Every structure is written in C-alpha cells, then in structure tokens.
> 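Dropping a structure here in structure tokens format, bear with me for questions.
The shown structure was predicted, so the numbers you read here are calculated from the model rather than taken from an experiment. Chain letters run A, B, ... following the sequence lines, proteins first and then strands; every chain starts at 1.
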Amino acid sequence: MIPAPFEYEAAESASHAVELLGRFGPEAKLLAGGHSLLPLMKLRLAQPSALVDVSRIRELSYVRDDGDTLAIGALTCHEDVHFDDGVKRDCPILAYTAGKVGDPQVRHRGTIGGTTAHGDPASDVPTVLLALGATIAVTGPSGTRTIPASDFFKGLFEVDVAPDEMVTEIRVPKTPGAGWSYQKFHHRAQDWATVGVAAVIRRGDGGVAQAAVGLTSMGPTPLRATTVEEALVSGADPATAAQHAADGTDPVSDVLGSAEYRREMAKVFARRAIEEALSR
Amino acid sequence: MTQTEQARRYVGGGVPRKEDPELITGQARYVDDLPAPNALWVHVVRSPFAHARIDAVDKTRALQMPGVVAVYSGADLAGEWADAMPCAWPVTEDIKIPKHWPVAQDAARFAGDAVAIVVADTRAHAKDAAEVVDVDYDPLDVVLDMEAAVADGSPLVHEDLGTNASYVWKLSNGDVDGVFASAPVHVEERYVHPRLIPNAIEPRGVLVEPSPAQGDVTVYSATQIPHILKVLIALTLGIDESKVRVIAPNVGGGFGSKLNVYAEELVCTALARKLGLPVKWIEERSENYLATIHGRDQIQYVELAATEEGKILGVRARVLADMGAYMQLVTPGIPVLGAFLYQGVYDAQAYSFECTGVFTNKTPTDAYRGAGRPEATYAIERAIDALARRVGKDPVETRKINFLPPFDAPREVVSGLQFDSGNYEATLDKALEAAGYDDLRREQRERRERDDTKQLGIGLSTYIEMCGLAPSQVLASLRYSAGGWDAATIRCHPTGKVTVITGTSPHGQGHVTTWAQITADALGVSFEDVEVLHGDTAISPLGMDTYGSRSLSVGGIALHYAAEKIVDKAKKIAAHELEVSEDDLEWGNGRLQVRGAPDKARTIAEVAFSAWTAHDLPEGVEPTLEATYVFDPPNFTFPSGAHVCAVEVDTETGLVDIVKYVAVDDCGNVINPVIVDGQVHGGVAQGIAEALYEEAVYDENGVLTTSHMGYYRVPSAAELPPFQTDRTVTPSSTNPLGVKGVGEAGTIAAPPAVVNAVVDALTPLGVTHVDKPVVPERVFEAIRRAKGGVA
C-alpha cells in the first residue's frame, strides 16, 4: 500500500482524539480498524491530511449491561460483539450480524463504531442498529451527545458526526422475547450484501404487536421498510407484507446486482427474514 | 534390466515437498525481497482513457517533486528500443500485428496503457510524482465489443491497420458441408467466455542490476520464462545476449500471466543501463488488474451435426477471440491451442474451426491456465448436453455412444491430432460411481416432484486436453517462433550428492520435489541427496521454461534421458573397475551389479568418486560424471478425465451452491500423488471461479469496473465444496515415463461441469443456457425469461 503522504498520531483517549482532530483540522480522519479507510487510501480515493489512530484506546472496547440497554464501546471489534455472552443473550440479532461482517480478519480489526461512522449503506451492522432503534453517542470538544440511529445516517457515507467529533458508544435496546432474523444475501462470504434484511418482531395477542424491518444496500443509507412493518402489524402474512419491501427504495446498480434485481431480492429476503423471526 | 524395471522408491509416493519449509517459514525470497539498497524505483503513469491521442506530456511539476531522478515520456524512450515488443506467435502469414512500444508514443489504446515513466529514490516518491505528470490526452472513439469491432464503421484500435480483425485462422477435415447437409439433427449454440484476470498471488516485479563497466545486466523478474525473456530482452533492446542474465527467484504463481515479456521488464533494463544504477519496479494489485494480461474473452458459435440417436457426425466452430489492444507474447496463438479439441473425446467424421482475432480497447489477452483448451472443452461439453436434451437422452448415455473406444497407441482423431492413449468410459464410470449418480438423479426427481425452491442439477465434463508443449516441428507448422524442447543436466558430485539443473522454471508446481524423486530412483541415490537448480540463465543456460503443463512431459523426460546417460557412463567405469564386460552388468538394488554375483557392484556415488579422481578410467572416458540431455517430444500428451458436479440452485434468488464435486483425472503415470491432487484442487477451484464468479467488466468508456478484489470476485475456501478426487492411469505413449501433465486439467474440466449442472437443475423450468459467470442475477433472469416464455 502506497497512500498519499499524511501525518499520524496515536490517541490515548477519546478526549485526546478529539483534541487531535481539532489540531489537525477537518481533513483529518480517525483510524480504528482501518478496513474501510485503508483500502480507500490505498487507491488514493481518500487522501486524509492526518490519521488520528484511536485503535489503541482500550477503554472504548467493552460491552456493558445498562438495564434495558447494552452499551457497547465504539472500538469493540465485530468478533468481540459476535462472541459476547451478554449480546448473544440480550440482543441476539446484533451478535449474529456482527459475525456476518466480512471475513475473520475483518471481524478482528473492524469495529462497531467504525462501521457506524463510515456510513456505508452496504454494511450490515448499521441496518441492525436502525432496526433496533439504537442510539449513537458522539463525543466532541463540548462534550457528548446521543443521536437516534434514525437521525444518524444522513446520506451516502454521510453521518451526523462533525469533523472534530468521534463516535464513542453504541447503545442498543435489549430485545427480550422478540423474534429476529438478519438475512444477508451475498455471493461470496466476504462480499458486501447485495441485499440485507433485518427483522425484529414482537408478537402480541393473536398477531404481530411490533415489527421493525431494516434494509441493507437498498438506498444511500440503511433503511426501515415501514410499509412492511405496518402491513405486519395490520395482520398481513409474511409473503404479502414482504411484497412491500422495495417500496420507495432507490438501490444502486453495481457489480453485485442491478437495482431491479435488488428490489426483487429485498422482497424474497424480507419474507425469509419475517418467517424466520416469527419462528423464533 | 532397464531402469524403469528397477524398484521405485520415490516415484509414485507422496513425498513431502522440498520447497515447503522455506515457503512456510517466510524465508523464500521473491523479487521484492531481494536486497537492493541503492535501487531507483520506477512508477508507470498509465492512461485513464481506453483510447486517446497523447498530445503532450508535461514533466515540469513531476521533476520538482521530492526524490525524483527522471521522468520519461514514450517519445523520450523511443531511442532505447531496437524493436517493438515481441509477439512470438504470428498464427497466419497475413496476420496484422501493430507496433507495440513499451511506453506508448502516439496514443494510449487501453485504460492502463503505459504513457510515462517516473524514476525516484523511493517507491512512494515515484508514485507521488506520477500523480502530477501532466499528460494532455485527446480522447478517441472506443470499441470494446468484439462483434461491434468487426462490423463496418467501427472505430479502429489501430488506424494504420485499417481493420480491427488481425487474422482469420482456419482448420477443416472431412466433408463438413456434406455431413451438416445430410445429418438429421443439428445443435447450434452460442457461448461467451468472459474476460478473466489471472490473479497470481505475487504480482509482477522487476529488479535490474547493471554492471556499467562490463555492460552486463542481471534481470530479476517474477517470470515463468527466464530463458525466453533473456533472448527477447537482448533482441528488443539490441544488446548482446551474452550481456544479459535473467533470474526468476521464488515466483508466486503465474497461471500463464507471467509467460510474457512485459513493458516494465524492458523499461527497467533500459533505464538501469542508462542510469548505471539498479532499477526496481513492483506491481500493485490494482495495476496488475490493468497491465498484466487477461485471459479468455471469446465468443463461440458451435454446431453439432448428429443422428437421431445422438451420435455426433460433425463439429463446426466459429470463434471470435478478443486480443485486446495489442499482441503480447503469444496472444494470437491462444485460440489455436484449442482449435484441435472441439470434438473432445468423441468420434466424428467432419470438423471445421475458424477463429478471427479481434482488437478492442482493452487490456491484451494471452495465456491463462488452460489457454484455448478450456474454451474448446466448454464448447463441446456444453454442446453435447444440448444434443442430449435435443434427442431426449441422459448426458451419460449420449457421451457413451460417442466416446472413442479405449486405445493405448496413438490414434488420429477428426481434428488431425494423434491422441496418445485413452480410456474415457472407464474414467466416466469411476466418476459416476464416486458421485452416486443414480442417487443424485433420484433426489433430483423428488425435488422436482415437490416443486422444491432449491432444485438439484447434475453436470458432467468428460474432457481432454493437449499439453506438453511441444514437438518443435509441430510448433513450426503452427508458426510459433520458438522450439518446444527442454533440457536437463545431472551432475554427480564426488561426495555422492547430485545436482540437477533443469530448463523448466517452476513457480509453485513443485519441480524441485518431483525432479528429485525421478533422479533418486533413476540413479539409486537418496531423495535428500538431490538438489534441483532452476530459474537462472547463468546456471541453467538451456531451457524453454514452464507453461502449458509441459514441464514434466518435456523437461522431466529430458531428466529421465540424462539419467540414462549417467548410468551408461557409470556402467563403463564400473565394468572397468570390476573387470567385467559392460554386458555383464545389470541395474539392481539401485546399483550396477554383476549378473549372477550381486555382491560385486558399484553404486553411482562410488562411480562418481572414481570419475572425479580419474585415477583409473577406461580408455576414452572423460573424467567426472555429468550428463545433459535435450528432449524434443514426438507428440503432445493428452490428459483426460471425467468430472461430476452437483449443484443446488435457489430458484427464488438464482444463487448456486455446489453440493458435490468429483474429479477423476487420467494424467498417465503419477510421480507425486500429493502434488497431482494439489494441482487438481487448485485447477478445479479456478474453473469453478470461471463458471460462477469471475469476470472482468468494463464500463462503456472502457474503464475497468472490476478494478480491485472487492469487485472482481475470486472465490475463497468458503465458497468451494470439498473435492473428491480419484484417478485412472492410462500411461502416455508419447514418453518413456508415461506421464501426461496435470497443471491445467482442473481449470479445463470444471467450467462445463458446473454450468451443465446449473442448466440441468433448471431444465424443467425451460432454461437451456446461462452465460458464465453464472452469478445469481443471471440465473434469476434466465428463470424469469423462461417463465415468461411459457406463460
């Protein structure tokens, strides 16, 4: 890898990272696992003036039980999320999906905060965070603010984080009793999802009480398939509800599939996700 | 008793590879690992346009960048070349071959074409400066599609040639028109072979060290062909061949992509001589995708004429082959390597083949594992399935009524080749049994009856290939510019150790191991005592290198005959020492012993010592025990086999999952079964990649869309099934070891087996064809079209 020249400094804490971001200015980038940033730098598609290396901030790698929610440090790698007993018990869809990211090398380096801050609509974990109604804690010079996932993802590679801020924690609600599924449709194991569908469903008396359906690779950001959710709560069967999975979406055409194919696959995998969630 | 009758101690055994300790421990040194502390680094500025006139190259800013030593445009370097880059295979007398300069002088003709060279003190400085070389491009019309390229009014890749059609190569045997006119059954198919990127694990790299006072250069290159490269560097740069030494150090795979002479090898050699300092260039992966040759990219129109019973009478193939923008070393010859194999292992009466080589504004194509033979095999193996569907027979039965009967002496087939030996039905039967063919068919019926979302398909490929390039006279008749021989030297040291020097140039194949096995058995020495040297033209001056599964069946046979020469000479010396006649000596227990008195004997090691001291040699015998043999084979070898693939196709998504893969190969006698299995595994993996995953895709402007490994889909272990491998052994009649070659077999066999399986799964839905690579969306669309068709 021969990237364009850049400055480099390792941060010792979140506040130190924020201070360094302020010092290096808006062209600086945070380096966590590097699995999104470094390939872009290798191709010189990204040419940050400086890298603030946050990968050594060990105190931001944790999973903490916080009552109704799990608090996960931004620098917790996917592999640790995948194998964490608390996540497996209290938010199994997140544990499962973390294990579907990339390949083992990626999962050992890539972090939950990194994939969230990168804002790539082909990433799996952000879709699950959106479906779960997670909140994202962002730390900047004037302290920490929390943003609901539904407001966080603003556009293609665009999230609600200022140049001098850093994602520090992800908070996900526990999902006791809910059925869940994440369907990642990908050609090769290491590929991004052609389409991904997350479903978290709570059953009530005689039907679906609450449904959250998230979509990966179906637009510039992770999406909620609200018409599918509404149909399910109104009593539609999975196949009928899933027919709405592509409603209002605008997926890209690329080497993994055309927009038209993605729309068709969204319906297939929405049905499969709902069926699996209802079976759990 | 002859040598082949002696007890074999190593040949045929799964001896661990001698190469592996160095590779496993990371001590193997590739070009980029060689110490070159004072080397200057080259970076190549490449055209972002697929076709553009180069109006000016402004070097001003680049020359001001840190560490920059020099910047050259193509025009600046024009005086360095005695000749354009070599194409060694002008397949027809009137072939059109454009001038191909290492750095483009007037126009760039594919995205990635070299347009300027930056030389700097470090790799990073060279790359940084390359970004500010200001090339003034005037974009020209682009042609990317072969059929468009040969249509009237197409933009021309090379204006001066007046056409995009480089050549038309033809072959015909029998009464083709008559057979096709009278046959009751015809099958007509069109197959597209996508462009493939070879993806050797080690990208290319060159380090050139000059000795300015002597005028010598040593060229280290990640190449498959140090010997050929040496000759062509000398000719292209106009320097004495004796001044050029080429070394291929450890080379991390090639798959044919390093069977070439590349611009960077010539540029680095020219600049090392010009600047008087070592010059180094190491390819980046994304650069490898643009500037190293691609493979395949053919369109085939294939026709079979047959009886109502499905007996093939005639085969007719018309092919368009994409050359890309230029002819690299053997670009035009690749389709010709398949031209004789369109009848496969089947008997037929009439045969015709015609291929047009076409220029497009894309990376040049050239040899990629199988080179021409996968294309031919795919055509006949897909077409025979189409014939089976047409006459309503099982593909097994259709193949069996068409197989050539078993033979163990050369047999002429309709394309004019002399197949060496074969027993195709036995191989197929073994594969069917291993696969549990009848059980698979039963399960397929059950899934069809219950309208399962996941349908099962079973595909066969009963392939043949020709390898062991090759008899020099045959190559001459095909207008190939070099010979097909290879050489081996055996040097027996006074200490009992043996050095083998081979003209083949392994880059992952394990020659060091297999050559030691052959030598140890032939000379009665231990495997550990044999060292094998290769890949350095100063150590191994004679050789034709490694490609086309030729190494064992040409270079290995040279080794066999060199060992015979050693034994013959040793016999003279031993007979003299033992005071018997040579006729009284026989080879036994790994030594020369007196007939009837086996305790009177000499080992090769003992004779080697006597030959070295030379104290008491027979009259007229030279001191030392060493022999060289150069072998030119009388014929190709013809490995064959039967592969069976079972796939599950998700009819809702189009996703294909291989659930079973059985490969029964016949590569003749086997020297090392572990290495053979490894070749089959790797070859099949690469064939599955071709069938299901890989395709180089360009956008409408000729920019490579699949420009990195994220988009160009090389499968990993996670996508591949377990392989069940087995063998039949039909020794080749071409050579005394009875070996055939196995380096490309899997890649040749697998694609039709996999695609036939997919089509078989979907036949009830009305699908008869899906283009490679069979990616989910293509399957989904094929199902949708078929459903629409019946609705």
> Given heavy-atom pairs under 4.5 angstrom as the criterion, report whether the side chain, backbone, both or neither of A:Thr194 touches chain B.
neither

> Is there a side-chain contact between A:Gln47 and B:Glu131 (heavy atoms, below 4.5 Å)?
yes

> Could you tell me the separation between the CG atom of A:Leu45 and the NE2 atom of B:His708, rounded to the nearest 0.5 Å?
8.0 Å

> For A:Arg188 and B:Gly710, work out which heavy atoms get closest and say how close.
NH2-O, 3.5 Å

> So for B:Tyr711, is it side chain, backbone, both, or neither that comes closer than 4.5 Å to the heavy atoms of chain A?
both

> How long is the straight-line distance from CZ of B:Arg123 back to CD1 of A:Ile2, given to the nearest 0.5 Å?
3.5 Å

> Can you find a pair of side-chain heavy atoms, one from B:Glu781 and one from A:Tyr261, that are under 4.5 Å apart?
no

> Taking side chain as everything from C-beta outward and backbone as N, CA, C, O, which of these in B:Thr706 sits under 4.5 Å from a heavy atom of chain A? Side chain, backbone, both or neither.
side chain

> When you compare the side chain of B:Thr653 with that of A:Arg272, does any pair of heavy atoms fall below 4.5 Å?
yes

> Which answer fits B:Asp699, side chain, backbone, both or neither, if we ask what part of it has an atom under 4.5 Å from a heavy atom of chain A?
neither

> Hey, does the side chain of B:Glu284 reach the backbone of A:Met1 with a donor-acceptor pair shorter than 3.5 angstrom?
no

> Should the heavy atoms of other residues, nucleotides or ligands under 6.0 Å from CZ of B:Arg61 be counted, would the total exceed 12?
no

> So B:Asp128 and A:Arg44, do their side chains get closer than 4.5 Å, heavy atoms only?
yes

> The criterion is side chain to side chain donor-acceptor pair (under 3.5 Å); which residues satisfy it with A:His187, sequence neighbours excluded?
B:Arg713

> Might you confirm whether atom NZ of A:Lys29 has over 12 heavy atoms from other residues, nucleotides or ligands at distances under 6.0 Å?
no

> Does A:Glu264 reach the side chain of B:Arg784, with side-chain heavy atoms less than 4.5 Å apart?
yes

> Anything in residues 120-129 of chain A with a heavy-atom distance to chain B below 4.5 Å? Please list those residues in order.
none

> Are the side chains of A:Arg271 and B:Glu652 in contact, using a 4.5 Å heavy-atom criterion?
yes

> Go through the atoms of B:Glu777 and report whether side chain, backbone, both or neither lie under 4.5 Å from a heavy atom of chain A.
both

> With a cut-off of 3.5 Å and sequence neighbours excluded, list every side-chain donor-acceptor pair involving residues 115-122 of chain B.
unit_1   : atom_1 : unit_2   : atom_2 : d
B:Asp121 : OD1    : B:His125 : ND1    : 2.7
B:Thr122 : OG1    : B:His125 : N      : 3.0
B:Thr122 : OG1    : B:His125 : ND1    : 3.3

> Using side-chain contact (heavy atoms from CB on, under 4.5 Å), reason through A:Asp103 and B:Ser716 one step at a time and then give a plain yes or no.
CA-CA 10 Å; A:Asp103 55 34; B:Ser716 71; over 6 Å; no

> Listed by chain and number, what are the side chain to side chain donor-acceptor pair (under 3.5 Å) partners of B:Arg204, not counting sequence neighbours?
B:Glu264, B:Glu283, B:Thr292

> Sort B:Val775 into side chain, backbone, both or neither according to what part of it lies under 4.5 angstrom from a heavy atom of chain A.
both

> Heavy-atom distance under 4.5 Å to chain A: side chain of B:Tyr693, backbone, both or neither?
both

> Counting only non-hydrogen atoms closer than 4.5 Å, does A:Asp191 touch chain B with its backbone (N, CA, C, O), its side chain (CB onward), both, or neither?
side chain

> Please state whether the side chain, the backbone, both or neither of A:Val268 comes within less than 4.5 Å of a heavy atom of chain B.
side chain

> Tell me, out of A:Phe269, A:Phe185, A:Trp192, who's got the most heavy-atom pairs with chain B below 4.5 Å.
A:Phe185

> Of all of B:Ala718, B:Ser707, B:Gly654, B:Pro776, which one pairs up most often with chain A through heavy atoms under 4.5 Å apart?
B:Pro776

